[in-house]
**Q** 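My questions will all concern the structure given below.
All values below come from the heavy atoms of this structure, side chains included, with hydrogens, waters and symmetry mates left out. FYI, the numbering just counts along the sequence from 1. None of these values were measured; they are calculated from a predicted model.
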Amino acid sequence: MDTGNTAFVLLSAALVMLMTPGLAFFYGGMVRVKSVLNMLMMSFICLAVVTVLWVLYGFSMAFSTDAFGGLVGNLDWYGFRDIGVNELWDGYSVPIVAFAIFQLMFAIITPALISGAVADRVKFVSWTIFVALWVTIVYFPVAHWVWAADGWLFKEGVIDFAGGTAVHINAGIAALALVLVVGKRVGFQRDPMRPHNLPFVMLGCALLWFGWFGFNAGSWLGADGVTARAAINTQVCTAAAILGWMALEKIRDGHFTTLGAASGAVAGLVAITPACGAISPLGSIALGLVAGAVCAWAVGLKYKFGYDDSLDVVGVHLVGGIIGSIAPGLLATGHIQSDAEGLFYGGGTDQLVKQLTGVGAVLAYSFVATFVIAFLLQKTIGFRVSEDDEVGGIDQVEHAETAYDFVSLGGSVGRPGANAGASTTAPTNETKVDA
């Protein structure tokens, strides 16, 4: 055991954990006033549900000995059974339990990413059940495919340094499947649905950026030159993506926005995730510029094709994840990842084909499985709140709370002067709609 590497992995796990509350703020600022608490809770419940399932069987499904052709692990480690506190993760100098808590944070944030696509309109109980089913049926097996030494995509040589396929493509395509089942928000493409708190968005972006150094650099499970390259590439690609997004925004719309800057940063973070250990800083600049501009263009596809991806999970995470996952086949210049037989180097046609195989496999499986899970929930317990509840405000309906107490300030959440001094416990329909 290397105590320095172990400490670094544990610190990285804490950084990745911070990303889920950061995502909650990022998404929470982008929704309307009447939905912000629900948006925060959709991320926070992932911390609770996925943590418990990870200990019970998730870690074993993802990383114990393969049970069926590289598709899923067996249950030998259920409840962290037979894992000694000093037992090392195979091939590394850190304990299995340190690796397990680090990977837990990836499992938590992946379903949380999906939540932004269905903001404003789903039942909290249904969402919670969906998270439990989705990580069990989709995330745990896909993590095994990509990162377990006997996972089929890993053995094929697919490179995913920190989660381009298992996290971002997985969440992005699941988000698309989910919105197709759940349907559009009331007023989509008709009513204004502007972000209610852009400072929240910038705060969330900053927390995500900060935590992403643990997400990417920590995935090497040690502190050395590869770790440092992953860290510098994370910074460089993110900065370039902001420039790429804002340049397209200026050309297309005539102005720069804070929402665009924050979204561009996240697009860059997504794109560099699978490639951060494989490409050079110059390659990271190129990747960031492309990812920022292409994702800025892609978020508009929902209006062209008519799917209501509320907070652009498809445009940023799916598209950015695909771009980043292809990058090792095009831009790789050095050490990528290790396995029992040695090291993978460089890019080229063969590696590009492998990357496309990984992308295609995760796209197909995650879309179909997510669609089935969501469809069954929709037909049994129901996934959406009623139209009246959605229009009135999902925070009041699902959580019996509101994010802001406007009445205590001497005003109301409706039009200036409307219902001034009214009790917050029984808002009028007019107040709720205007919120």
**Q** With sequence neighbours excluded, tell me which residues meet side chain to side chain contact (heavy atoms under 4.5 Å, CB included) with Asn197.
**A**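 Result, side chain to side chain contact (heavy atoms under 4.5 Å, CB included) vs Asn197: Pro199, Phe200, Tyr404.
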
**Q** Could you check whether Tyr365 and Trp145 have their ring centres less than 6.0 Å apart?
**A**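 Ring-ring flag for Trp145/Tyr365: true, centres closer than 6.0 Å.
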
**Q** Looking just at side-chain N and O atoms, do Ser93 and Asp2 make a donor-acceptor pair shorter than 3.5 Å?
**A**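 Short answer, no.
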
**Q** Under 6.0 Å between ring centres: does that hold for His144 and Phe63?
**A**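 Not close enough - the centres of the two rings lie 6.0 Å or further apart.
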
**Q** Check the pair Leu363 / Phe367 against side chain to side chain contact (heavy atoms under 4.5 Å, CB included), numbers first and verdict last.
**A** CA-CA 6 Å; Leu363 283 173; Phe367 181 86; over 6 Å; no

**Q** Can I get a per-line list of side-chain donor-acceptor pairs under 3.5 Å for residues 256-283, giving both atom names and the distance, sequence neighbours left out?
**A**
residue	atom	partner	partner atom	Å
Thr257	OG1	Glu249	OE1	3.3
Thr257	OG1	Glu249	OE2	2.6
Thr257	OG1	Gly260	N	2.8
Ser263	OG	Leu259	O	2.8
Thr273	OG1	Trp212	NE1	2.8
Thr273	OG1	Leu269	O	2.7
Ser280	OG	Leu282	N	3.4
Ser280	OG	Gly283	N	3.0

**Q** Taking only residues two or more places apart in sequence, or in another chain, which ones meet Thr227 in a side chain to side chain donor-acceptor pair (under 3.5 Å)?
**A**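 Residues passing side chain to side chain donor-acceptor pair (under 3.5 Å) with Thr227: Asp224.
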
**Q** Taking the side chain from Ser64 and the backbone from Asn74, do they hold a donor-acceptor pair closer than 3.5 Å?
**A**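 Confirmed, Ser64 side chain pairs with Asn74 backbone.
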
**Q** Side chain of Tyr27, backbone of Ala112: donor and acceptor closer than 3.5 Å?
**A**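 No.
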
**Q** Going by side chain to side chain contact (heavy atoms under 4.5 Å, CB included), name the residues that satisfy it together with Ala296, two or more places apart in sequence or in a different chain.
**A**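 With neighbours one apart ignored, the set is Trp245, Leu248.
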
**Q** Is there a donor-acceptor pair closer than 3.5 Å between any side-chain N or O of Gln355 and the backbone N or O of Ile159?
**A**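 Yes: the side chain of Gln355 pairs with the backbone of Ile159.
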
**Q** From the options Phe383, Phe375, Trp134, select the one residue that forms a side-chain contact (heavy atoms from CB on, under 4.5 Å) with Leu178.
**A**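 Of Phe383, Phe375, Trp134, side-chain contact (heavy atoms from CB on, under 4.5 Å) with Leu178 is met by Phe383 alone.
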
**Q** Are Phe140 and Trp54 close enough that their ring centers fall under 6.0 Å?
**A**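 Centroid separation for Phe140 and Trp54: below 6.0 Å.
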
**Q** Compute the ring centroids of Phe106 and Phe215, then answer whether they are less than 6.0 Å apart.
**A**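 Centroid distance Phe106-Phe215: below 6.0 Å, so yes.
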
**Q** Any pair with a residue in residues 184-207 that passes salt bridge (charged side-chain N to carboxylate O under 4.0 Å, His left out), sequence neighbours left out, goes on the list, sorted by first then second residue, please.
**A**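 Those involving residues 184-207 are Asp120-Arg185, Arg185-Asp308.
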
**Q** Just checking Phe99 against Tyr92, ring centres under 6.0 Å apart?
**A**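 Between Tyr92 and Phe99, which both carry aromatic rings, the centre distance is not below 6.0 Å.
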
**Q** Determine whether Tyr57 and Thr136 make a side-chain contact, defined as any pair of heavy atoms from C-beta on separated by less than 4.5 Å.
**A**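 Counting from C-beta outward, Tyr57 and Thr136 do come under 4.5 Å.
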
**Q** Would you mind listing every salt bridge (charged side-chain N to carboxylate O under 4.0 Å, His left out) that reaches into residues 359-384, with sequence neighbours excluded?
**A**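 Residue pairs passing salt bridge (charged side-chain N to carboxylate O under 4.0 Å, His left out), neighbours aside: Arg384-Glu390.
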
